[in-house]
Amino acid sequence: MRIAPFLFLAVPLAAVAARASEPTPGRQRELVHLVRQDCGSCHGMQLTGGLGLPLTAEALRDKPLEGLEATIHGGRPGTAMPPWKSILSDAEIRWIVEKLMTGFPKE
Amino acid sequence: MRTLLILLLAFLSGCASTPALRGTGDLGIVIERASGRVAIVDTSAHSILARVDGLGDLSHASAVFSRDGRYAYVFGRDGGLTKVDLLLARIDRRVIQAGNSIGGAISQDGRLVVAQNYTPGGIKVFDAATLELLSEVPTGSKVVGLADLAGQRFGYALFDTGEIWLTDLTDPRHPRTRKFKAGQQPYDGLVTPNGRHYLAGLFGEDGIALLDTWQPEAGAKKILENYGKGEEKLPVFKMPHLRGWAVAGNRAYLPAIGRHEVLVVDTATWQEVGRIPVKGQPVFVMARPDGRQVWVNFAFPDNGWVQVIDTHTGQLVQTLQPGKAILHMEFTPRSEEVWLSARDDNTVSIYDTASFARKTTLAAESPSGIFFTSRAHRTGF
């Protein structure tokens, strides 16, 4: 019961933090290109899946945001999903996941 | 008299508005992946002759050619199979044959086109003339590395279940399939230029599965086991591709997974005989048709580089930066030129393979695969 207020607090704080470190518009364009083209080599340019799972808003709807972020950050050992932490910052990964969940922008 | 002649000439040239006769041996296509379009190219004139639209999602598209070199069969990611008439520059036929597809192959006699699919996992067999579906072999797994073999057979590998399957389509409506254990997560396959050995590269373990299709009953064996020597592999941002071009003379040149190396194998003994350090993780390792050079491009983030190995000396002889995001290379049939697609520069560059000079650059939208009709006459293409 006592943790409930914290939960209420935590959500808006996280949202604010994400906005504060949102990638610049120029970087956002690069990220859209990277996701469509280079993630696309496994997930498809339309993100409908390939060797990797589909990354459409519908496919990701019920999956927790943090889990998806962790997958992009660290990859999934034993599968073909590589870790992107050497290429993408945590804030960029968060931005990508938020866009994936709501329908990824076109180039 | 003179005016009559002029009138006659005018009349004749009016009739000649049908296109001039031409052969197909110097034609090809360039996939414009983001636009669902292919450009028809002329390798003699270094030019784009025409563009054909409406081919759907062409991320990861590939193509094979009819034996007469007139038609390209283009396999799209969205399961589209499009038969493009290169002479009339238009779609001859098109079917949507699966939900998610990765490529295809054409039979030894040119009468069957076979598609390899991720969803639903399996292969589908089509009449090359009509694109009528003749049969299918469900696999319960993503299919990779489909290659044509002698005797109307096809070899392919199953990513999820780690097998190599050989399907005999002598009777195309009643496929007969034999199955072999290969290894963990085969990512692509190739058949040697003589059509004898089928190789499946493994992603889930170090090594390559090898099947002698002249005596398949002996089963698949593993070669290049432990080439990574237990060292942790680098993150693989793009799966390498295999095809018959990896073989030059009596050596096969193969991409190492998660390593900045090309592995060299003797095709008589299938033993490793060397490895060549390169700039990044190889994606395509392609022998020039005459086998004198091997050209290598690389996975993200090293995909702006291309390196050339001299097979005679085993040394790297050239490092090039032909553009941003080099996705594919294709040699002219007799090796004097190579065409390279630079996706993020929207260009296709043509290089002289002897001097390494760039001869010309063509504009193309987000180009990926380049395929010339000379593939029509090679096993495994």
Side-chain angles (χ1 to χ4, degrees), chain A residues 23 26-60 68-90 92-93 96-97 99-100 103-107, chain B residues 31-36 56-61 76-79 98-103 117-119 121 141-144 159-160 184-188 202-205 232-241 257-258 281 283 299-303 324-325 327-328 343-344 365-368:
Chain A
R27 182 62 183 155
Q28 290 183 15
R29 268 195 304 280
E30 286 172 15
L31 292 175
V32 169
H33 184 71
L34 175 91
V35 170
R36 293 240 167 237
Q37 304 294 334
D38 295 299
C39 310
S41 74
C42 287
H43 291 282
M45 217 162 33
Q46 311 298 337
L47 306 174
T48 48
L51 197 64
L53 297 164
L55 300 180
T56 53
E58 199 189 8
L60 299 181
L68 299 174
E69 286 179 13
T71 295
I72 299 173
H73 180 87
R76 280 206 188 139
T79 79
M81 175 63 186
W84 290 86
K85 56 175 181 276
S86 61
I87 311 276
L88 299 169
S89 72
D90 288 349
E92 290 170 344
I93 290 174
I96 288 171
V97 171
K99 293 293 169 200
L100 287 172
F104 203 76
K106 296 248 175 289
E107 278 199 69
Chain B
I31 307 281
E32 299 191 298
R33 72 200 291 267
S35 331
D57 179 356
L58 294 182
S59 51
H60 209 291
R77 165 71 82 186
D78 55 4
N100 197 312
S101 178
I102 194 76
N117 297 325
Y118 278 174
T119 20
S141 160
K142 298 184 197 78
V143 175
V144 300
F159 181 81
D160 305 296
Q184 283 173 45
Q185 297 175 322
Y187 64 86
D188 201 0
L202 302 175
F203 178 79
E205 60 184 294
E232 181 136 9
K233 63 183 183 194
L234 301 166
V236 178
F237 294 117
K238 180 163 181 171
M239 283 290 173
H241 288 254
I257 294 271
Q281 293 183 42
V283 173
F300 177 89
D302 299 311
N303 54 5
K324 282 200 286 217
L327 291 195
H328 199 219
R343 183 193 67 202
D344 292 354
E365 242 176 73
S366 203
S368 55

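Note that this is a predicted model, so its numbers are computed, not measured. Just the heavy atoms: all of them, side chains too, but no hydrogens, waters or symmetry mates, feed the values below. Just so it is clear: chains get the letters A, B, ... in the order the sequence lines come, proteins before strands, and each one is counted from 1.
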Checklist entry - At what distance, to the nearest 0.5 angstrom, does CG of L60(A) lie from CG of L53(A)? => result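 Rounded to the nearest 0.5 Å, the CG-CG separation comes to 9.0 Å.
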Next on the checklist: For the CD atom of E365(B) and the CD atom of E32(B), what is their distance to the nearest 0.5 Å?
Outcome noted: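 Rounded to the nearest 0.5 Å, the CD-CD separation comes to 6.0 Å.
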Next on the checklist: Can you tell me which portion of E107(A) sits under 4.5 Å from chain B's heavy atoms? Options are side chain, backbone, both or neither.
Outcome noted: neither
Next on the checklist: Less than 4.5 Å to any heavy atom of chain B: does that hold for the side chain of L51(A), its backbone, both, or neither?
Outcome noted: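 Its backbone and side chain both get close to chain B.
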Side chain, backbone, both or neither: which part of [X] has a heavy atom under 4.5 Å from chain A?
X: R343(B); result: side chain
X: D78(B); result: neither
X: F237(B); result: both

Next on the checklist: For the interface with chain A, which of D160(B), T119(B), V236(B) has the highest count of heavy-atom pairs at distances below 4.5 Å?
Outcome noted: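 Most heavy-atom pairs within the cutoff with chain A belong to V236(B).
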Next on the checklist: Can you pull out every side-chain hydrogen bond (donor to acceptor under 3.5 Å, both in side chains) where at least one residue sits in residues 40-50 of chain A? Sequence neighbours excluded, please.
Outcome noted: none
Checklist entry - Is the number of heavy atoms from other residues, nucleotides or ligands under 6.0 Å of R27(A) CZ greater than 12? => result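 Atom CZ in R27(A) is crowded, with more than 12 foreign heavy atoms closer than 6.0 Å.
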For residues 77-87 of chain A, please give each side-chain donor-acceptor pair under 3.5 Å, one per line with the distance, not counting sequence neighbours.
unit_1, atom_1, unit_2, atom_2, d
T79(A), OG1, R76(A), O, 2.8
T79(A), OG1, M81(A), N, 3.1
W84(A), NE1, P82(A), O, 3.4

